[in-house]
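In what follows, a single structure is set out as structure tokens and then discussed.
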Amino acid sequence: MIRPGADDLLTQLIASSEGQPVNYVILQAMVEEASNAGACRALGLLGLEDKTARRDMDELRELLGTWRDVKKSAWQTAARWIVRIMLAGLVVSIAYQSNLRALLRS
């Protein structure tokens with residue numbers, strides 16, 4: 001991903017600007033080249049400098065999205081079951097309190 005000669009270009013831009021008043025075009029070019037070189041080095045350190053890195057990142061994003069969906073669905077399912085158990089306990093409690101057992105036997 002690092003362009004050939006990117007460091008050389010940055011060195012030339014710095015050398016050409018020495019001793020001159022601030023030229024914003026050269027300054028902008030230096031900032032762009034320096035940031036591009038830094039980003040390329042960071043991607044290289046992460047092992048994402050090859051041509052398949054984009055596909056790998058897309059797959060990781062898809063996997064992460066799927067994981068989030070599964071996690072959300074699991075929490076929703078657990079909440080539904082907790083509510084059902086609580087409602088069943090409430091029904092049993094009401095039946096016990098109203099002596100429904102005795103009514104069913106007679």
Side-chain angles (χ1 to χ4, degrees):
M1 287 200 125
I2 295 176
R3 293 186 325 224
D7 289 335
D8 294 335
L9 178 60
L10 186 58
T11 305
Q12 289 172 2
L13 285 169
I14 292 170
S16 70
S17 68
E18 288 180 6
Q20 297 181 5
V22 176
N23 183 341
Y24 290 104
V25 174
I26 292 177
L27 184 62
Q28 182 180 3
M30 285 191 304
V31 168
E32 287 178 5
E33 286 300 318
S35 61
N36 186 24
C40 290
R41 285 186 189 126
L43 289 172
L45 290 173
L46 293 172
L48 297 173
E49 75 277 358
D50 59 352
K51 293 180 181 181
T52 62
R54 176 68 183 176
R55 189 182 72 223
D56 293 342
M57 291 302 296
D58 289 341
E59 288 176 1
L60 284 172
R61 284 191 181 108
E62 183 180 337
L63 183 62
L64 183 60
T66 303
W67 168 250
R68 288 179 178 153
D69 291 342
V70 167
K71 191 168 63 169
K72 180 181 174 184
S73 176
W75 279 112
Q76 288 175 344
T77 302
R80 284 187 194 123
W81 275 102
I82 289 170
V83 169
R84 287 178 184 164
I85 290 169
M86 290 175 66
L87 288 174
L90 182 64
V91 168
V92 168
S93 176
I94 290 171
Y96 185 77
Q97 296 267 333
S98 64
N99 206 7
L100 187 62
R101 223 168 147 192
L103 292 174
L104 289 175
R105 285 189 181 173
S106 55

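We number each residue from 1, following the sequence as shown.
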Counterpart residues, salt bridge (charged side-chain N to carboxylate O under 4.0 Å, His left out), relative to Arg61 (two or more places apart): Asp58
Taking Trp67 as the starting point, is it possible to reach Leu60 by hopping between hydrophobic residues whose side chains are less than 4.5 Å apart? no
Please report the interatomic distance OG1(Thr52) to CE(Met57), rounded to the nearest 0.5 Å. 12.0 Å
Counterpart residues, side-chain hydrogen bond (donor to acceptor under 3.5 Å, both in side chains), relative to Gln28 (two or more places apart): Glu32
Hey, could you give me each pair passing salt bridge (charged side-chain N to carboxylate O under 4.0 Å, His left out) that has a residue in residues 66-94? Not counting sequence neighbours. none
Neighbour count >12 (heavy atoms, 6.0 Å) for atom CD, Gln76: yes
Sequence neighbours excluded, the answer for side chain to side chain contact (heavy atoms under 4.5 Å, CB included) partners of Ala53 is Leu48, Asp50
Who are the side chain to side chain contact (heavy atoms under 4.5 Å, CB included) partners of Ser73, not counting sequence neighbours? Thr77
Report yes or no: does Ser93 contribute a side-chain atom to a donor-acceptor pair with the main-chain N or O of Gly89 at less than 3.5 Å? no
Value for CZ (Arg54) from CG (Asp56), rounded to nearest 0.5 Å, stands at 11.0 Å
